[in-house]
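Take a look at the structure below.
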Amino acid sequence: LKQVFNKDKTFRPKRKFEPGTQRFELHKRAQASLNSGMDLKAAVQLPSGEDQNDWVAVHVVDFFNRINLIYGTICEFCTERTCPVMSGGPKYEYRWQDDLKYKKPTALPAPQYMNLLMDWIEVQINNEDIFPTSVGKCKEEVL
């Protein structure tokens, strides 16, 4: 279990919403609706009077946190030896390109691809220009 929660691996701490903020209240509302066993379509519907960008941001961060937890539980079973290619079955291979180190789409072992992907997503989520912590300031063209 210690290996799963090692920061040097793929697990990252959850991005949290500050208590007392509008985003925190939206997060609590989203969690309550998802935990109530209700229809998923209704759970993700924009609550009346709320900003669409804030609602989307809350769900993106929650999704990222859930994926981190899921991947953290399976990462020890997917090594460079057992998962030499990042694929989506026999028909799809995912290649990494970031225009920094990987200027062209590059085939990578799944763990390396996932580490790069999760790092990239974390940078996006922590970018105040894309996901501001102040309510109502998301850039619409980004979302």
Side-chain angles (χ1 to χ4, degrees), residues 1-89 91-102 105-143:
L1 205 72
K2 183 179 175 185
Q3 213 174 20
V4 171
F5 295 104
N6 183 347
K7 176 93 170 93
D8 296 332
K9 293 281 187 185
T10 57
F11 180 80
R12 289 158 179 76
K14 284 185 169 188
R15 166 112 188 251
K16 297 183 179 181
F17 301 102
E18 289 296 316
T21 64
Q22 182 67 18
R23 287 251 175 106
F24 181 76
E25 294 306 314
L26 287 172
H27 168 71
K28 284 189 346 187
R29 188 183 296 179
Q31 289 302 108
S33 62
L34 288 172
N35 292 335
S36 70
M38 69 187 296
D39 170 22
L40 279 181
K41 186 175 179 181
V44 296
Q45 244 175 359
L46 177 67
S48 176
E50 299 296 344
D51 181 78
Q52 181 178 6
N53 289 327
D54 291 329
W55 188 241
V56 170
V58 164
H59 284 285
V60 168
V61 172
D62 281 344
F63 183 70
F64 175 71
N65 289 336
R66 290 171 194 267
I67 293 299
N68 259 327
L69 288 172
I70 292 168
Y71 186 63
T73 62
I74 64 165
C75 65
E76 70 182 88
F77 302 106
C78 183
T79 65
E80 291 190 10
R81 186 179 59 77
T82 60
C83 303
V85 175
M86 182 65 187
S87 68
K91 293 185 179 183
Y92 300 99
E93 180 179 321
Y94 298 97
R95 295 177 178 221
W96 185 259
Q97 179 179 359
D98 59 17
D99 296 326
L100 299 171
K101 184 178 177 185
Y102 300 93
T106 305
L108 297 171
Q112 187 178 354
Y113 182 97
M114 286 301 299
N115 283 331
L116 289 168
L117 177 62
M118 297 307 267
D119 287 344
W120 181 85
I121 293 169
E122 189 170 30
V123 166
Q124 305 311 304
I125 287 174
N126 290 324
N127 182 339
E128 284 284 324
D129 290 334
I130 301 171
F131 290 91
T133 52
S134 301
V135 175
K137 292 188 176 180
C138 284
K139 289 184 175 180
E140 287 189 34
E141 66 271 9
V142 175
L143 294 175

TODO: Please lay out, stage by stage, how Tyr94 and Leu117 fare under the test side chain to side chain contact (heavy atoms under 4.5 Å, CB included).
DONE: CA-CA 11 Å; Tyr94 298 97; Leu117 177 62; over 6 Å; no

- [ ] Please work out whether the ring planes of Tyr113 and Trp96 are parallel, tilted or perpendicular, with thresholds of 30° and 60°.
- [x] perpendicular

Task: Beyond-backbone contact of Asp98 with Trp120, side-chain heavy atoms, under 4.5 angstrom - done: no

Task: Validation row: Gln45, Trp55 side chains within 4.5 angstrom (heavy atoms) - done: no

- [ ] Kindly give the heavy-atom pair with the smallest separation between Gln52 and Leu46, and that separation in Å.
- [x] CA-CD1, 3.8 Å

Task: Residues Ile67, Met118; criterion side chain to side chain contact (heavy atoms under 4.5 Å, CB included); working and verdict - done: CA-CA 9 Å; Ile67 293 299; Met118 297 307 267; 3.8 Å; yes

Open item on the list: Would you say that more than 12 heavy atoms from the other residues, nucleotides or ligands in this model lie under 6.0 Å from the CZ of Phe63, or not?
Closed with: no

Open item on the list: If I compare all heavy atoms of Asp99 with all of Gln97, which pair ends up nearest, and what's the gap?
Closed with: OD1-NE2, 3.2 Å

Task: Nearest-0.5 Å distance that lies between atom CZ in Phe64 and atom CD in Gln124 - done: 10.5 Å

TODO: Nearest 0.5 Å please: distance from the CD1 atom of Ile74 over to the CG atom of Leu69.
DONE: 12.0 Å

TODO: Please report the shortest heavy-atom distance between Asn53 and Asp51, naming the atom on each side.
DONE: N-OD2, 3.0 Å

Task: Shortest non-hydrogen contact from Ala110 toward Cys78 - done: CB-SG, 3.8 Å

Open item on the list: Once rounded to the nearest 0.5 Å, what's the spacing between atom CE of Met114 and atom CG of Asp119?
Closed with: 10.5 Å

Task: Least distance between heavy atoms, Val60 atom then Phe131 atom - done: CG1-CZ, 3.7 Å

- [ ] Would you give the length of the straight line joining atom OG1 of Thr106 to atom CD of Gln112, rounded to the nearest 0.5 angstrom?
- [x] 9.5 Å

Task: Any donor-acceptor N/O pair, Asn115 side chain to Pro111 backbone, under 3.5 Å - done: yes

